[in-house]
Amino acid sequence: MDTTSDSQVLMARQPIFDRSQRVVAYELLYRDEQDTEHALFRGTGATREVILNSYTSISDQGSLKRVPAFINLTRDLLISDDFPELPRKNIVIEILEDIKIDRELIIAVHRLAKSGYRIALDDFIYKPEAVPLLKLAHIVKVDVKDLNFDQVAEQVRLITPFKVTLLAEKIETVEMLEECNKLGFKLFQGHFLSKPKLVKGKKVDPNQAALFELVQELQDQNTTPERLEHLIIRDPVLTYKLLRIVNSAAYSLVRKVESLTEAIVMLGMAQIRKWATLIALNNQSGKPEEISRSLLVRGRMCEEVALAAKISNHGSYFMAGMMSNLHLLLDIDQKTMLKDVPLSDDIKNAILFNQGKIGETLLYVTNYEAGDWDLLPSDFDSNLYEASYRKALDWSKEAMQALSDLEG
């Protein structure tokens, strides 16, 4: 993706170093577009945005997940179990220092630790009521900024019996770095080593009405993947976001998907429900745009042609048609978009090179839409394409009208 002047601030990330000064992890930090220097607040909304921007936005710097990421979770998210499943190898959950320690919190942290997440205690100062958390933690971050050498040594003495990895944070001098090294700290973080760097890219917002209807449908315990696909597919950006999530390290794909229904089945209803809720709570988009309508028309037209030919994988034709121009809506190049979604090679090659039967149909549909009759073959079935175009127009009109009615 080209770095352009309209890139948005997605978040900041600050490296965490080992004793050899190698970057072994990053802490992901909330940043507001208006104030890129400070985390203005660390509420649940900020945490949601950091998680979503990590998994569904397009970063100028490519993948953010080559090394583990430390993410702050608020008490609300910890105890509600509302945040979606994240890749255990790639995520370290940070428990903030000002979270009230009680039985409810300890049970929540125990559940996360038991399910395989690594737990870090942030800005930690030893106190007896924190002992249950120390027993569950893997990493303890000691804020050394306002401590002298003796105070740091005392914290190490108190924490060491719990067999955790010590991380010295907010290191601001070489003397403190050397002292922490001597005391047995294994990980290091601070402005002296590296200030947080902004992660820029592009946030992509789905349509609010589509999300609203999806979240409502997800409350029905009897809903099906096919019903969810029917709702999701009407919003190209929402489709893209869910495909990006499926493609993330959280879900190790054994194969690429041919349709949105497959992606929904791979995620599972519980995870779809959590991700959709997270997206809906964080979403601030406007009304459907004309480009969305054109993507729906093209996708449905490709599918109608496939259905008429009694082709079984007609969902792949829809996906190829809709995704073929989605990069224009996202304002990124086509190859970057396709790299980040788990579509089958048949669909990707159809979009990029017009290869195979899907690619041939997509090419004919594109030329038909543009009125480039001279580019169509002599045996072209104009009646079929005219009927498919009319059906696609009617379907997309109904889909967009349904979303408009919800918004109204």
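None of these values were measured; they are calculated from a predicted model. Just so it is clear, the values below take in all heavy atoms, side chains as well, and ignore hydrogens, waters and symmetry mates. One-based numbering along the sequence shown.
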TODO: Determine whether more than 12 heavy atoms belonging to other residues, nucleotides or ligands lie under 6.0 Å from atom CZ of Arg19.
DONE: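 Result for CZ/Arg19: enclosed.
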Taking C-beta and beyond as the side chain, do [X] and [Y] meet within less than 4.5 Å on heavy atoms?
X	Y	answer
Glu97	Ile125	no
His138	Thr165	no
Ile71	Val92	no
Phe124	Leu134	yes
Leu338	Ile347	no
Lys186	Leu166	no
Leu167	Val140	no
Leu328	Gln334	no

Open item on the list: For a side chain to side chain donor-acceptor pair (under 3.5 Å) check, start with the C-alpha distance between Glu226 and Thr261, then their side-chain angles and the critical distance, and finish with the verdict.
Closed with: CA-CA 6 Å; Glu226 290 76 17; Thr261 297; 5.0 Å; no
Open item on the list: Working note: Glu178 + Lys182, criterion salt bridge (charged side-chain N to carboxylate O under 4.0 Å, His left out); need CA distance, chi angles, decisive distance, verdict.
Closed with: CA-CA 6 Å; Glu178 289 172 353; Lys182 286 181 201 168; 5.8 Å; no
Open item on the list: Checking side-chain contact (heavy atoms from CB on, under 4.5 Å) between Thr160 and each of Val156, Leu158, Val164, which is the one that passes?
Closed with: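 Of Val156, Leu158, Val164, side-chain contact (heavy atoms from CB on, under 4.5 Å) with Thr160 is met by Val156 alone.
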Open item on the list: If the test is side-chain contact (heavy atoms from CB on, under 4.5 Å), which one of Asp123, Leu73, Leu78 qualifies with Ile95?
Closed with: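 Single pass found, and it is Leu78.
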Open item on the list: Assess the residue pair Leu393 and Glu398 against the criterion (side-chain contact (heavy atoms from CB on, under 4.5 Å)); give the C-alpha distance rounded to whole Å, side-chain angles, the decisive distance to 0.1 Å, and a yes or no.
Closed with: CA-CA 9 Å; Leu393 275 179; Glu398 287 172 14; over 6 Å; no
Under 3.5 Å: donor-acceptor pair, side chain of [X], backbone of [Y]:
X	Y	value
Asp122	Leu96	no
His314	Leu307	no
Arg300	Gly321	no
Asn349	Phe353	no
Gln155	Tyr126	yes
Asp333	Thr336	yes

Task: Parallel, tilted or perpendicular: rings of Tyr385 and Tyr368 (30°, 60°) - done: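 Ring orientation, 0 to 90° scale: tilted.
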Task: Parallel, tilted or perpendicular, as decided by the 30° and 60° cut-offs, for the rings of Phe188 and Phe185 - done: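 Aromatic pair Phe185/Phe188 classed tilted.
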Heavy-atom pair with the smallest gap, counting every atom of [X] and [Y]:
X	Y	result
Asn354	Gly359	ND2-O, 3.2 Å
Val24	Pro68	O-CD, 3.3 Å
His230	Ile233	O-CG2, 3.8 Å
Leu228	Ile272	CD1-CG2, 4.2 Å
Arg118	Arg88	NH2-O, 4.0 Å
Ile101	Glu129	CG2-O, 3.5 Å

Are side-chain N/O atoms of [X] and [Y] paired as donor and acceptor at under 3.5 Å?
X	Y	value
Ser324	Arg298	yes
Lys141	Gln189	yes
Glu258	Ser316	yes
Tyr389	Glu304	no

- [ ] Please step through side-chain contact (heavy atoms from CB on, under 4.5 Å) for the pair Ile159 and Val142, ending with a clear verdict.
- [x] CA-CA 10 Å; Ile159 296 167; Val142 178; 3.9 Å; yes
Say you draw a straight line from [atom1] of [X] to [atom2] of [Y]; how long is it, rounded to the nearest 0.5 Å?
X	Y	atom1	atom2	value
Leu187	Ile16	CG	CD1	7.0 Å
Met319	Leu362	CE	CG	13.5 Å
Leu267	Leu243	CG	CG	9.0 Å
Leu295	Tyr240	CG	OH	13.5 Å
Met176	Lys170	CE	NZ	13.0 Å
Lys335	Lys348	NZ	NZ	12.5 Å

Task: Sequence-distant partners of Glu179, salt bridge (charged side-chain N to carboxylate O under 4.0 Å, His left out), two or more places apart - done: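 With sequence neighbours excluded, Glu179 shows a salt bridge (charged side-chain N to carboxylate O under 4.0 Å, His left out) to no residue whatsoever.
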TODO: Please list, chain by chain and in numerical order, all residues satisfying salt bridge (charged side-chain N to carboxylate O under 4.0 Å, His left out) with Glu172, sequence neighbours excluded.
DONE: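 Counting only residues at least two positions away or on another chain, Glu172 forms no salt bridge (charged side-chain N to carboxylate O under 4.0 Å, His left out).
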- [ ] I would like to know whether Asp102 and Arg75 meet salt bridge (charged side-chain N to carboxylate O under 4.0 Å, His left out); could you show each step before the answer?
- [x] CA-CA 11 Å; Asp102 57 15; Arg75 180 185 172 88; 2.7 Å; yes
- [ ] Taking only Lys NZ, Arg NE, NH1 and NH2, and the carboxylate oxygens of Asp or Glu, determine whether Lys145 and Glu169 approach each other closer than 4.0 Å.
- [x]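 A salt bridge is absent here (no side-chain N lies under 4.0 Å from a carboxylate O).
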TODO: For Thr239 and Met322, run side-chain contact (heavy atoms from CB on, under 4.5 Å): C-alpha distance rounded to whole Å, both residues' side-chain angles, the deciding distance at 0.1 Å, then the answer.
DONE: CA-CA 10 Å; Thr239 301; Met322 188 177 75; 3.7 Å; yes
- [ ] Step by step, work out the side-chain contact (heavy atoms from CB on, under 4.5 Å) result for Phe162 and Val131.
- [x] CA-CA 9 Å; Phe162 294 94; Val131 166; 3.9 Å; yes
